[in-house]
Undergrad: 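Structure in structure tokens, see below.
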Amino acid sequence: VQSARIRRGSGVQFRSFNLSNKLICRGIIGPKGAPPMAKVVFTANIQRLVPCPAVEAAGATVRDVLEKVFAENPRARGYVLDDQSALRKHIAVFVDGAMIHDRVRLSDPVGAASAVYVFQALSGG
Amino acid sequence: MSDTLLISTRKGLFTVARRSGEWAIAGVDFLGDNVTLALADARDGARYAALDHGHFGVKLHRAEKDGGWEEIAAPAYPPKPEGYEEKDLWGRPLNWSTARIWALEAGGPDEAGTIWCGTLPGGLFRSKDRGASWEMMRGLWDHPKRKQWMPGGADLPGIHSICIDPRDSRRVTVGVSTGGIWASEDGGASWALRGEGMRAEYVAPELAHDPIAQDVHRLAQCAADPRRMWVQHHNGIFVSSDEGRTFTEIKDVEPSVFGFPVVVHPRQPDTAWFVPEIKDEKRIPRGGKLVVTRTRDAGKSFDVLTSGLPQSHAYDIVYRHALALDADGERLALGSTTGGLWVSENQGDSFACVTHTLPPVYAVAFA
């Protein structure tokens with residue numbers, strides 16, 4: 001079991017998380033000194049249903065990044081995306097503090113050091 | 001006779017068991033979560049539970065006999081073809097994605113591992129490996145008339161009833177709200193609309209007798225005489241003696257012909273039970289009295305069963321999957337939207353209240 005911390009660009013520190021699922025980590029978090037990758041953090045509310053530890057993943061778009069995460073954590077996919085691979089109706093994704101615009105193709109750009117947050121939307125109650 | 005009930009509720013799946021002659025809650029799984037439907041497969045003892053996690057979608061879980069729950073595949077719609085457009089009733093794009101699991105049934109005794117699943121927005125799925133994977137019945141989904149299905153019990157059309165013919169497992173009949181009754185005789189490959197004789201009060205007169213306009217609330221088939229089918233419809237009760245091809249309306253039933261569930265005795269095709277509410281625009285029991293109605297003569301007459309059911313200020317609704325009959329046709333159970341659960345061990349002549357403090361009950365099944 002590893003422990004890690006992440007920081008948003010604003011410098012606000014978020015709580016630590018356990019990387020207890022080593023399978024998820026393998027191949028996503030790069031070795032020391034590797035180019036920075038986007039950090040992906042999932043809502044705490046999803047964790048009791050399917051563990052989704054925060055991870056780092058490379059990709060130019062939200063789609064790229066999430067597909068890398070789901071490749072390592074396939075059960076999580078259906079909790080975030082619907083049958084057409086669009087964002088579920090009441091899931092919200094933020095990239096560097098802004099809610100994404102393209103909920104179908106997930107084409108919003110992600111930077112090398114971006115923070116991607118996958119939350120449940122208030123619209124879902 | 002079955003001594004166990006699975007109660008699907010807004011806040012968990014409750015197991016209710018008979019011990020020393022008394023029915024009581026014996027356990028709860030998925031506490032706090034929305035369990036919309038459960039299936040107990042008599043062939044292998046497995047149990048299936050459909051969950052709706054809201055933000056996170058619809059999921060399916062399975063427990064082996066005496067085992068714990070594990071998540072299995074939920075039925076998923078195929079990719080919508082590029083450029084293909086399909087709109088819902090309000091002109092919005094129809095999402096090809098499972099919005100609710102609305103029917104779960106075991107395949108025939110000769111089809112070990114086969115499970116059928118009906119969903120909103122109208123897809124019918126079959127698994128041949130106990131829910132490890134699902135195949136959509138494209139013959140039904142791609143049928144041109146499927147696009148005429150309308151929202152009924154929800155904002156999307158859906159399949160709530162699946163009847164597997166005990167004589168031939170390839171013969172499958174489904175009930176759609178709203179879209180009538182559809183039957184396949186080749187294991188789900190091809191489908192035909194049935195249900196002549198039903199009548200709809202909520203459409204223009206020109207459409208009233210169109211089989212596809214019929215809002216079937218629940219469809220039940222007699223195990224011993226599969227020609228006999230019963231329908232609790234949005235505005236009436238209908239009975240068929242030819243596997244749903246034609247129906248006869250049963251009129252003048254007291255206290256009402258409106259309701260959601262129907263169950264039929266497994267060996268007596270003329271015996272069926274209903275739970276009436278006043279009417280579609282007044283969905284409460286008449287006079288605040290919760291009753292079950294029972295016919296033993298194919299609808300010529302009905303008994304109004306009240307013993308043990310609340311007869312004052314009861315506003316319980318019993319949803320379409322929340323009335324259950326055991327495989328022997330003796331034990332009857334019903335659960336309500338206001339958290340009541342009642343069991344009868346004499347075909348409804350008298351009921352015992354198990355509890356009236358459950359979360360809203362969506363489905364009741366004998367295990």
Side-chain angles (χ1 to χ4, degrees), chain A residues 20-21 23-24 40-55 61-63 66-67 69-94 99-107 116-125, chain B residues 10-12 29-35 49-61 69-86 88 92-101 117 119-123 125 131-136 138 141 154-156:
Chain A
S20 55
N21 189 339
L23 181 66
I24 293 171
V40 186
V41 179
F42 290 85
T43 169
N45 292 9
I46 203 174
Q47 305 296 340
R48 73 178 181 87
L49 302 172
V50 53
C52 293
V55 292
T61 64
V62 172
R63 171 75 68 196
L66 289 182
E67 290 294 355
V69 175
F70 296 143
E72 298 294 332
N73 188 3
R75 239 189 93 211
R77 182 186 178 88
Y79 285 75
V80 176
L81 305 182
D82 68 16
D83 297 356
Q84 301 301 312
S85 296
L87 207 57
R88 285 199 173 279
K89 184 177 180 182
H90 298 303
I91 296 286
V93 170
F94 299 84
M99 189 181 287
I100 66 169
H101 297 290
D102 183 359
R103 300 175 56 87
V104 175
R105 297 182 186 277
L106 308 180
S107 61
V116 178
Y117 287 86
V118 181
F119 284 172
Q120 76 271 38
L122 286 175
S123 59
Chain B
R10 180 67 182 81
K11 298 294 180 182
D29 296 292
F30 310 110
L31 185 61
D33 289 329
N34 184 5
V35 181
L51 280 77
D52 184 348
H53 284 307
H55 299 82
F56 305 115
V58 170
K59 311 299 172 201
L60 198 55
H61 293 248
W69 291 95
E70 63 171 338
E71 185 176 345
I72 56 176
Y77 283 62
K80 188 186 277 189
E82 194 73 32
Y84 176 82
E85 283 195 12
E86 184 176 353
D88 68 9
R92 302 173 300 200
L94 180 77
N95 195 9
W96 285 21
S97 194
T98 301
R100 187 189 302 172
I101 289 176
C117 180
T119 67
L120 303 176
F125 295 82
S133 63
W134 294 91
E135 173 193 8
M136 181 196 248
R138 293 300 298 251
W141 183 249
D155 278 356
L156 295 163

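All figures in this text were calculated on a predicted structure; none of them were measured in a lab. So that the names make sense, note that chain A is the first sequence line, chain B the second, and so on, each numbered from 1.
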Undergrad: Are more than 12 heavy atoms, taken from residues, nucleotides or ligands other than K80(B), located less than 6.0 Å from that residue's NZ atom?
TA: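 Correct, the count exceeds 12.
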Undergrad: In this structure, which one of V118(A), I100(A), D102(A) forms a side-chain contact (heavy atoms from CB on, under 4.5 Å) with V62(A)?
TA: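 Single side-chain contact (heavy atoms from CB on, under 4.5 Å) partner of V62(A) among V118(A), I100(A), D102(A): I100(A).
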Undergrad: Is the H53(B) ring parallel, tilted or perpendicular to the H61(B) ring (thresholds 30°, 60°)?
TA: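 Rings of H53(B) and H61(B): perpendicular, over 60°.
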Undergrad: Between chain B and each of D82(A), L81(A), T43(A), count heavy-atom pairs under 4.5 Å; write down the option with the most.
TA: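 The option with the most such pairs is D82(A).
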Undergrad: Under the criterion side-chain contact (heavy atoms from CB on, under 4.5 Å), which of L120(B), L51(B), L60(B) is the partner of I101(B)?
TA: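 Checked L120(B), L51(B), L60(B) against I101(B); only one passes side-chain contact (heavy atoms from CB on, under 4.5 Å): L60(B).
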Undergrad: For the interface with chain B, which of V80(A), V50(A), N45(A) has the highest count of heavy-atom pairs at distances below 4.5 Å?
TA: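 When all of V80(A), V50(A), N45(A) are compared, N45(A) has the most.
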Undergrad: Using heavy-atom distances under 4.5 Å, tell me whether S85(A) contacts chain B through its side chain, its backbone, both, or neither.
TA: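 Looking at S85(A), nothing touches chain B.
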